[in-house]
Amino acid sequence: MEINDNGIKISGGGSMNRYDQNVKKVMAFLKDRKYAPSTLYTHKSCYEGLRSHLKQTKLEYSFDEALSWLECRSGCLGKRQAASYRHCLAQLDDVYRFGSIQSVHLLYRLPPYRMLSDQLLHELHMFLDSIETENMRQNLRIYCSKFLLFLQEAKISSIAETTYVHINHFLNDDSHQTRKSQDAYERAARRLLAFHHRESGISIGLSYTCDKQMSPHIQLPNEMPDSAIEEVTRLRSESLGFPLSKYHDAIDGYMDCLKKHRYSKNVIKHAKRTCRLLYLFFDMHGTGYSLELSLLWLSELKHALGSSWKQTRRVLMQFNQFTMLGDITPGKVFRYKDTRLSKLPGWCRDKVAEYLDIRKKEGMAKSTIDMARSSCVRFCNFLIAQGIPSFHDIEARHLVLFNRSDPHATAEGKSAYNVRIRMFLEYLEENELSDKPLLHLALPCQYADKERVMVVLNGDEIAKIVDFCHSSQTPYELRRSATVLIGVRMGLRASDVVNIKFSDIDWPKQTLSIVQTKTLKALTLPLPVEVANSIYRYVKDGRPHSDSPYLFTHHKVPYGKLGRSTCTQAIQSMLDGNTCGGFHTARRTFATNLLQGGVGVGTIVESLGHSTDGTVNKYLSLDEKGMRLCAISLEEAGILLPGGCPNE
């Protein structure tokens, strides 16, 4: 077995010798005319496969036999490769019949580079001159030549004449055997267009468009409904105050802002793609930037985005916040559904909103504002159901009826809502929005005190928590261990645990100093070794890298402060959900353990951060051992019971 100069395997025999000689003529012809390496490789593979077939079947070459061989292999070849092989066989047959390749079979395989016009060739060389390595220049010349030839066939004489429609047609018509090859051609076209954006001033959007990951979400103007086009026209003049060049510069600033807040690479990638798609929309319609246009674009694209439209909407809202403030608020929630308040009629919605704004200015906590909103909305919905058109028409009988019909599982819940509604009614009376100055008194807000059975953690549950803390490894497990141990060993409320800052811990003195969220009373407690070790493990191996001053943070961007419910979830996960009273059970357990350990009531009051010992007395009922020591007989107490059977 021998190898000829072209790398094709040969064997003895006159017919094979002639075959090899003709193949050699074809390959030499292509090399002399500087055909692309990919073309030479295709010819070599075709001729080698045909030669192997002829040798195995012991047949002599004929064009019919060659076509028969190609037909048998068509199932293994792609459509483009099969067409290329047929052209290779036609050139070989020309050499057999005429001694040279005929002109009719030359144009099809002529490299795209040699078919470009002088202007496109000049623009290609401008781009290639900016590439540093020779190997990269050769590859880009091949890839970009095909793209430019497509434009030339579309009657484009210069890259500056390229439009979004041309790019869209190129992406739809371009076909390759593998996705990898297709991506290589598209990347080259993007680099070429980006270069001419910098040099010639063509739109950078053309470079963004040449990407099949973005093309399914690109809506050309002729694909949009007339109603949407009319809305774009209406908003165009207003949007030009924020020109497209300024919008494009803001994209980079927004990306830097996301990186500053430590968003993940996938989130940043999605945000960049969204902003670029929006740029294409603005550029195609000749508008500037505005939030209204952004949301209009999203509404038209919503069906194509699927479930990711919510994330896309968040990007749009966050970007708009960045354009106004120069920064973003990672924890901000951008609601996309109408709230219960927004659904109310204007006569009551506006007054409730004004009242809530006043409460915010008074420094009320978010939970307080939310409770006031929920109460007022429920009351307003009742008024609407009763056909009341304004607050002036409210009478005492309406409040009585509301109190009777208001569904609440407990008297405490009903009273909590009534208190908030009474405060709102007082606001209406003070602002002369109600003709009855004492109307709020018709709504009761008192209920009988209710005694509850105290629930604490038993020995088995404490042991289970300790075992969990010792075996915790993952970041979430380490965080849960630290939060629950602080509750069990130090008796802090959940609201105080999530508010602990690094500055609150004095490591040399081993103390924790906080201002309690509920009572605003300062509290300093010793930091048990077990708790300190758990905090250290969490900070070292579990806490994400974040500039947040809070000890406990979310483990996902934006790494904000935790909510109180996280503590409840932590203790429930340790005990498989078998807890009554939530995280506050840990606080009760702490106080009860102190009592059972012989600690005085005064010390317990200070440890819990209470102002008086009144709330500590309820823990005494749980100290069964201590209560038994206080028991005396009826006779010792001076209580004599008449009757009964005398002892004999």
Side-chain angles (χ1 to χ4, degrees), residues 261 291 314 317-318 320-384 388 390-392 394 399 402 406 412-443 445 493-496 498-501 503 514-522 548-550 558 560-565 611:
H261 289 285
L291 180 60
R314 177 170 178 79
M317 302 302 294
Q318 219 174 39
N320 185 68
Q321 184 185 45
F322 173 78
T323 60
M324 294 187 297
L325 305 177
D327 200 354
I328 61 173
T329 307
K332 182 174 177 58
V333 177
F334 300 97
R335 300 187 183 278
Y336 59 91
K337 292 182 179 180
D338 293 335
T339 62
R340 294 173 58 199
L341 176 60
S342 65
K343 295 179 181 179
L344 295 176
W347 65 269
C348 54
R349 180 186 64 240
D350 297 340
K351 298 308 175 185
V352 172
E354 289 177 7
Y355 170 69
L356 296 177
D357 286 338
I358 292 176
R359 300 293 287 168
K360 290 179 182 178
K361 293 177 181 178
E362 292 173 351
M364 295 296 104
K366 181 180 180 299
S367 58
T368 303
I369 301 298
D370 291 342
M371 184 65 175
R373 180 187 297 107
S374 177
S375 304
C376 293
V377 168
R378 177 176 293 192
F379 178 62
C380 289
N381 282 326
F382 169 80
L383 298 179
I384 295 169
I388 298 175
S390 72
F391 292 119
H392 289 286
I394 304 176
L399 299 182
F402 169 77
D406 187 31
E412 297 95 326
K414 183 184 289 289
S415 176
Y417 268 66
N418 286 355
V419 168
R420 274 72 180 182
I421 296 171
R422 283 184 62 162
M423 295 174 66
F424 177 62
L425 290 172
E426 290 180 18
Y427 164 77
L428 297 177
E429 295 164 8
E430 292 172 358
N431 290 272
E432 299 182 354
L433 299 174
S434 173
D435 301 330
K436 306 168 185 64
L438 300 178
L439 181 65
H440 65 278
L441 297 178
L443 194 63
C445 59
R493 301 180 183 90
S495 58
D496 294 329
V498 297
N499 279 326
I500 295 176
K501 298 180 180 179
S503 58
I514 63 170
V515 175
Q516 299 175 95
T517 305
K518 182 177 181 180
T519 63
L520 299 180
K521 181 180 178 181
S548 174
Y550 294 98
K561 186 185 73 172
L562 295 175
R564 293 180 299 174
S565 61
S611 300

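Residue numbers run from 1 in the order of the sequence given. In this text the structure is predicted, and so the values were computed from the model without any measurement.
- Closest approach of A372 and R420 over heavy atoms only: CA-CG, 4.0 Å.
- Heavy atoms only, all atoms of each residue included: Q321 and T329 are closest at OE1-N, 3.0 Å.
- Looking only at side-chain heavy atoms (C-beta outward), W347 and F391 come within less than 4.5 Å of each other.
- Proximity of L439 to L428: side-chain heavy atoms (C-beta onward) are nowhere separated by under 4.5 Å.
- Listed here is the closest heavy atom pair of K351 and F424: O-CE1, 4.1 Å.
- One finds the CG atom of L291 at 8.0 Å from the CE atom of M324 (value rounded to the nearest 0.5 Å).
- Between M371 and A416 the shortest heavy-atom distance is CE-CB, 3.7 Å.
- For K501, the NZ atom is loosely surrounded, since the number of other residues' heavy atoms within 6.0 Å does not exceed 12.
- Remark: I384 CD1 to F379 CZ distance equals 11.0 Å, nearest 0.5 Å.
- A heavy-atom distance below 4.5 Å is not found between the side chains of C380 and R349.
- A donor-acceptor pair under 3.5 Å links the side-chain atoms of T323 to the main chain of N320, judged by distance alone.
- With hydrogens and angles disregarded, no donor-acceptor distance shorter than 3.5 Å links the side chain of R564 to the backbone of S495.
- One finds the CG atom of D327 at 10.0 Å from the CD atom of Q318 (value rounded to the nearest 0.5 Å).
- For K414 and Y417, the positive end is not near the middle of the six-membered ring at less than 6.0 Å and at most 45° from its axis.
- Here the CG-OG1 distance, from D496 to T519, works out to 7.5 Å after rounding to the nearest 0.5 Å.
- Applying the salt bridge (charged side-chain N to carboxylate O under 4.0 Å, His left out) rule to pairs touching residues 360-384 yields R359-E362, K366-D370, D370-R373, R378-D406, sequence neighbours excluded.
- Summarising the geometry, atom CG belonging to L383 is positioned 4.5 Å from atom CD1 belonging to I394; distances are rounded to the nearest 0.5 Å.
- Contact annotation: the side chain of I328 approaches that of H261 to within less than 4.5 Å [non-hydrogen atoms, C-beta and beyond].
- Side-chain atoms of N418 and F402, non-hydrogen and from C-beta on, do get closer than 4.5 Å to each other.
- Two residues are said to be in side-chain contact when any heavy atoms from C-beta on lie closer than 4.5 Å; T339 and V377 fail this criterion.
- Every residue two or more places apart in sequence or in another chain that forms a side chain to side chain contact (heavy atoms under 4.5 Å, CB included) with R422 is listed here: H440, L441, L443, C445.
- Between the NZ atom of K561 and the CD1 atom of I500 there is a distance of 11.5 Å, given to the nearest 0.5 Å.
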